[in-house]
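First the structure, in the form of structure tokens, and then the observations on it.
Order of the sequence lines sets the chain letters (A, B, ...), proteins ahead of strands, with each chain counted from 1.
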Amino acid sequence: MEIIVLLICISILVAVGFLAAFIWSIRSGQYDDSYTPSIRMLFDDTTKTSDKQPKA
Amino acid sequence: MAVTTPSATTRFVCAHCGDAADSALQDKQGHIFCCNGCASVYGLLQSHDLGNFYEISGARAVKPRDIDPSRFDHLNDAGVQALFFTYQDERIYKVSLRLPQIHCAACIYLLENLYRFDTGVVRSEVDFLKKEAHLTVKKAELPFKALVILLARLGYEPNLHHGLDSQKPAADEQKALIRRLAVAGFAFGNIMLLSFPEYLSDGGVKEPLLRSVIQTLSILLSLPLLFYSGRIYFEQAWKGLLARDLNIDIPIALGMIALFGRSVFEIVSGVGHGYLDSLAALIFFLLIGRYFQQKTYDHLSFERDYRSFFPLGVSRAGANGKAEEVPISSLKPGDSMWVRNEEIIPADSILSSERTLIDYSFVTGESEPQEKFRGDVLYAGGKVLGAMVQMDVLKEVAQGYLTRLWNQEHFRKEQNDKFKTITNRISQYFTPAVLVLALGGLVYWYPSSPSTAFQVFAAVLIIACPCALALSAPFTFGHAIRILGRNGLFVKNSAVVDKLSQLRQIVFDKTGTLTQREQGELDLSAVEWDEDDRRLVKTACQHSTHPLSRQLASSIEEDVWPATDLFDEQKGRGIVAVINGHRVLIGSAALVGLKEENNQQATIVYIRIDDLLLGYVRFKNRYRTGMENTVAHLGEHYGLAVLSGDNDQERQYLHKVFGEHTSIRFNQSPADKLEAIAQIKQQNSGLLMMVGDGLNDAGALRKADVGMAVSEQSGQFTPASDAILDAGMVPSLDKLLAFVRQTRTVIFSNLGLSLIYNITGISFALSGLLTPVVSAILMPLSSITIVLNATFMTRYFARKNQLR
């Protein structure tokens, strides 16, 4: 039976860890803007498009 | 998508913004543009290798506008910059700017590649939903003003008003709520898991060690739940108790304490398992409800539109040096404006006249006027005393600042016992009734089943939450304020709308309210004057805001004298001025030393220069078109009265319009008007509104329950008033007030909805069928229904009354 007590304690510690991680993520501003990053990731990095090489 | 191909150019659409374009405006590659602005931005983008922009946007870019860099001169000021910067040191500054033009993915692309235009930009990040850009910039390479100009050139002119009324606190509150929610969710999940064995048919864990560990852990987990996540409710309830006000959070806080106390008691004494799982679920769902409520409110936010400026005007010096009347919203830094006697300075400015006296009592409460000289900075909110002065505008008009000024404590009315806000009226009965019901349920159930008794107690307290009621009035009135503002009636705050909706009496001032200020006819045939006299008269009149002075001044063609040595405006009498060595008296018979004659047929203003009486000007009032109808409609709902500073020659006409029994008083001095208001208030029950021009009836406006100042093109800002009505909308006053009356219908319909909901909910709760958790889910739903109902019904009534 003692092992269940130990397991419960460990599981709650793990949960506390995730709670702390979540609160940290709020504090660091990760939830401030949940929309723009989804667009930003679609932009190409290459932007060399001078007029000599017209796009198809 | 690629619009840079020739096929696009043959259709003659602008390669930048996609508007119809003129083929004459081409660049070397044959791209066609609609204007030079687009062409230059296009060139700019190409030369900085940002051609990708057009693939993302599909040539639907923001059209750049011509900008005048000097408009942003005030941004060089360190004090102004500090308002915008979120961080700065010697090297860099960080700034968050609101760019309302952001509308598509390409905007993000362009703005986040800003560093290609100027190496001074270290980092730029766009928040698309808020339409904001967060920028980190090197101070030396790109000063703030240059940054704003760069953005404006690209077509993204920042909304610089935004920085002044920052909404930071709201965002912090939102974050705190999410944290509370996270803790509540954590406690909820774990307590549920630990209570799992209790849900099974054999009734929980029998093993003593495990049992005590589980119970101790549950209680430990519920501590942060109650004291961190649920703290908002306790705080609000405590505040309410301190203010001796049974507010809506008291029942909720009581319910939580009841559940927690009973659970701990049961666990410690070994009677049962307690309801810590219910408590956790309750707080979790209450907070989720709160979160969604906040989201809904943000969405329907009735934040005052910064474009709906006070319907006020100022005299701006136009290109040719002539004064032109413009709305204060179009006043820009660098403009030169004239401010007359008793007018409020609408924006921070620098005095360019010789000297003046400024009364800052609206700002500081200090009533001693301050003497200011050329070059001194004059702050918005000061009142000019004496002759008209010229000043250069330093900053844009801060609407928010003026509104705050308007709402200041010392302009509040003396408390009126007759008036109670609609919400207070209801809630003073509501909370006690709920407490009685909950206690009744507890007493009724306790003998048969103590555990059900506590469930019922908590469920009643929580479901009966009158949030719905408390929200109804602010939302309805908030929307009403916005709609009224769009229609030229600017209301100070929602309490004024509440008062307007309960109005019984309306008292009108005649001149400037019922009559039109500037287009009346005047008869100059009884004056003998030469050109010099006319110049003197015009010079004296231009300093005054009185309608008759304005009218007289605009009827004289000659130029004004540049300097006035003395100017004194005596309320109810007239003007005394010394100009170019002459003493000019314009006003009533008493002022120029004649005996008052009462049998005059029109409003008469005498003119005396030095010792010579030149004669008199006869003013004929012109009533606003449509007033007869408006008055007739208003008469159906309100008791009416008229106060006039003029003599009684128009008695016949006014009685015809207002009806024989309406009290109409003539020859009223400002003090008489005040007295008259007090009298009418005493004789009649119900709230009274005074409608006047705020010039010589400021006292009366303040004395009335609601003071409405009618503002002609150049109205003056009268902090004593509760509402400012655009003069053009005076004939629509009946419609505006009909709309305001209907806001009560909205509130009462919400009341009905919430009553039905509460009665059903409470009866289920009392019969023990409703657990606290279900109540906690239903509660926010009802609030959201109420808010939506308030929004849509208000809009419906606005449309019904032909309001915009």
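With chain A as the partner, the residue from B:Leu193, B:Ile108, B:Asp127, B:Val213 showing the most heavy-atom pairs under 4.5 Å is B:Asp127. When each of A:Val5, A:Ile12, A:Val16, A:Leu19 is checked for heavy-atom pairs under 4.5 Å with chain B, A:Leu19 comes out on top.
No donor-acceptor distance shorter than 3.5 angstrom exists from the side chain of B:Ser229 to the backbone of B:Leu226, with no hydrogens or angles considered. A donor-acceptor pair under 3.5 Å is formed between the side chain of B:Glu112 and the backbone N or O of B:Val126.
In this structure, B:Ile267 and B:Thr216 have side chains that are not in contact, with every pair of non-hydrogen atoms separated by 4.5 Å or more. In this structure the side chain of B:Ser263 reaches within 4.5 angstrom of the side chain of B:Leu276, judged on heavy atoms. Looking only at side-chain heavy atoms (C-beta outward), B:Ile191 and B:Ser222 come within less than 4.5 Å of each other.
Heavy-atom distances place the side chain of B:Leu217, and not its backbone, under 4.5 Å from chain A. Residue A:Ile26 touches chain B through both its backbone and its side chain, counting heavy-atom pairs closer than 4.5 Å. Residue contact with chain A, scored on non-hydrogen atoms closer than 4.5 Å, involves the side chain of B:Leu209 exclusively. Looking at B:Asn190, only its side chain comes within 4.5 Å of chain A, counting heavy atoms on both sides. Of the atoms belonging to A:Arg40, it is side-chain heavy atoms, and not backbone ones, that fall under 4.5 Å from chain B.
For B:Arg180 and B:Tyr228, the positive end sits near the middle of the six-membered ring, less than 6.0 Å away and at most 45° from its axis.
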